[in-house]
Amino acid sequence: MAPPLHPLRRITGTSGPSRRSLLAGVAALGALGAAGCSRVPTASTTDGGDLLERLRAAGVVRLGIAGEIPFGYIDKDGELTGEAPELAKVIFKRLGVDRVQPVPTEFGSLIPGLNSQQFDVVAAGMYVNPERCEQVIFSDPDYQMLDSFIVRKGNPLGLRDYQDVVEKKAKFATGTGYAEIAYAVEAGYKESDILIVPDQVAGLNAVEAGRVDVFAGTALTTREVVKKSSKAEATEPFKPLVGGEPHVDGGAFAFRPTETKLRDAFNVELAKLKKSGELLRILRPFGFTEDEMTDLTAKELCGG
């Protein structure tokens, strides 16, 4: 069974609250990440970087995580898990690095922490966007994310995208800090009329109670939260429009800009997992489906 999900924040940039509103328990996890930290020596000036060789020698890679379900977190038994850490375990083992070590931090501190060598890789399901691409280099995405709505059973208003919401004058809600706010506004919905709720659970409650007609979130979060609802359902995933063009977000691992050899080796193994179907097997326990599998590249998402 997939773990419960936190609301997904999809605003660009690296500062401010995490991708899913605020982190729960990160401060408590900090001590865990710091304890017994085996720091790899600082990077050399070798062309393409030599971090992979040094990680193989050390036998451990430090993963920057943001304590966010289902992307990278410490579970109730104190174990590191999540879609990104579980994928990292498989890929780094194939690269000759047997152990992974979590270094929890706030989402907004992941890129600064990576570039100041507090950890070796960001393994937090981070969305790839041009702003972040100026600060780090990304692997190709291991998942894509589309939008979806929570609506009443049977979708009585026939709401399938933001244009439908506007045309049918539906009462619309989404989460605090969600990029879905901007998507709705771009479609013509008045921002002051949007009901902002804390997360997708509150959104489900609002739909079930009839306070709104629709709640917008990501396909993964809406799909999971309605599973036990007898009054609501999730719509089919769709691509929101950004600048008039269909838009898809993609999450990936981040590396220091000097470490292209490690990033490239990581991409080789990731491509093998995609081709074999093993990637979906690894991500499926965290709520991911075939809809979230992608052939997007970091270059495309970086705008290159």
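Note that the numbering runs from 1 along the sequence shown for the chain.
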| Do L52 and V268 sit in the same hydrophobic cluster, where Ile, Leu, Val, Met, Phe, Trp and Tyr count as joined when their side-chain heavy atoms come under 4.5 Å apart? |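 Cluster IDs for L52 and V268 differ.
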
| said: Let me check something: do F149 and L241 share a hydrophobic cluster, defined by ILVMFWY side-chain heavy atoms less than 4.5 Å apart, either directly or through other members? | reply: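 Different clusters.
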
| task | On the 0 to 90° scale, with breaks at 30° and 60°, tag the Y143-F71 ring pair as parallel, tilted or perpendicular. | result |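 Tilted.
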
Is the [atom1] atom of [X] crowded by more than 12 outside heavy atoms at less than 6.0 Å?
{"X": "N115", "atom1": "CG", "answer": "yes"}
{"X": "K168", "atom1": "NZ", "answer": "yes"}
{"X": "K153", "atom1": "NZ", "answer": "yes"}
{"X": "K274", "atom1": "NZ", "answer": "yes"}

| task | Using a strict 4.0 Å threshold on nitrogen-to-oxygen distance, state whether E208 and K231 make a salt bridge. | result |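 K231 and E208: not salt-bridged.
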
| Can K93 and D98 be counted as an ion pair, charged N to O under 4.0 angstrom? |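 Salt bridge flag = yes for D98 with K93.
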
| query | Can you name the ring pair (Phe, Tyr, Trp, His ring centres under 6.0 Å) partners of F255, sequence neighbours left out? | reply |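 With sequence neighbours excluded, F255 shows a ring pair (Phe, Tyr, Trp, His ring centres under 6.0 Å) to F266, given in chain and number order.
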
| field | Test side-chain contact (heavy atoms from CB on, under 4.5 Å) applied to L280 and E290, step by step | value | CA-CA 7 Å; L280 179 56; E290 188 67 42; 3.4 Å; yes

Within the structure provided, determine whether [X] and [Y] are in side-chain contact (heavy-atom separation under 4.5 Å).
{"X": "F238", "Y": "L146", "value": "no"}
{"X": "D142", "Y": "L273", "value": "no"}
{"X": "L63", "Y": "F119", "value": "no"}
{"X": "I111", "Y": "M126", "value": "yes"}
{"X": "N155", "Y": "E233", "value": "yes"}
{"X": "T81", "Y": "E86", "value": "yes"}

| request: Could you tell me whether the side chains of T289 and E292 share a donor-acceptor contact shorter than 3.5 Å? | output: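 T289 vs E292: donor-acceptor pair found between side chains.
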
| request: Using distance alone, with no hydrogens and no angle criterion, decide if S148 and E236 have a side-chain donor and acceptor under 3.5 Å apart. | output: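 Per modelled atom types, S148 and E236 side chains form no pair under 3.5 Å.
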
| P240 versus Y162, closest heavy-atom pair with distance |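 Here P240 and Y162 meet closest at CB-CE1, 3.8 Å.
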
| request: Looking only at non-hydrogen atoms, find the nearest pair between G96 and R56 and report the distance. | output: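 Shortest heavy-atom separation between G96 and R56 comes out as O-CG, 3.8 Å.
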
| Distance in Å, D213 CG paired with D164 CG, rounded so as to fall on 0.5 Å steps |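 Reported to 0.5 Å precision, the distance equals 12.5 Å.
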
| Could you give the distance from CD (E224) to CD (Q200), rounded to the nearest 0.5 Å? |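 Result: 9.5 Å between the selected atoms.
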
| field | Ring centre gap for Y189 and Y183 strictly below 6.0 Å | value |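 No, the ring centres sit 6.0 Å or more apart.
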
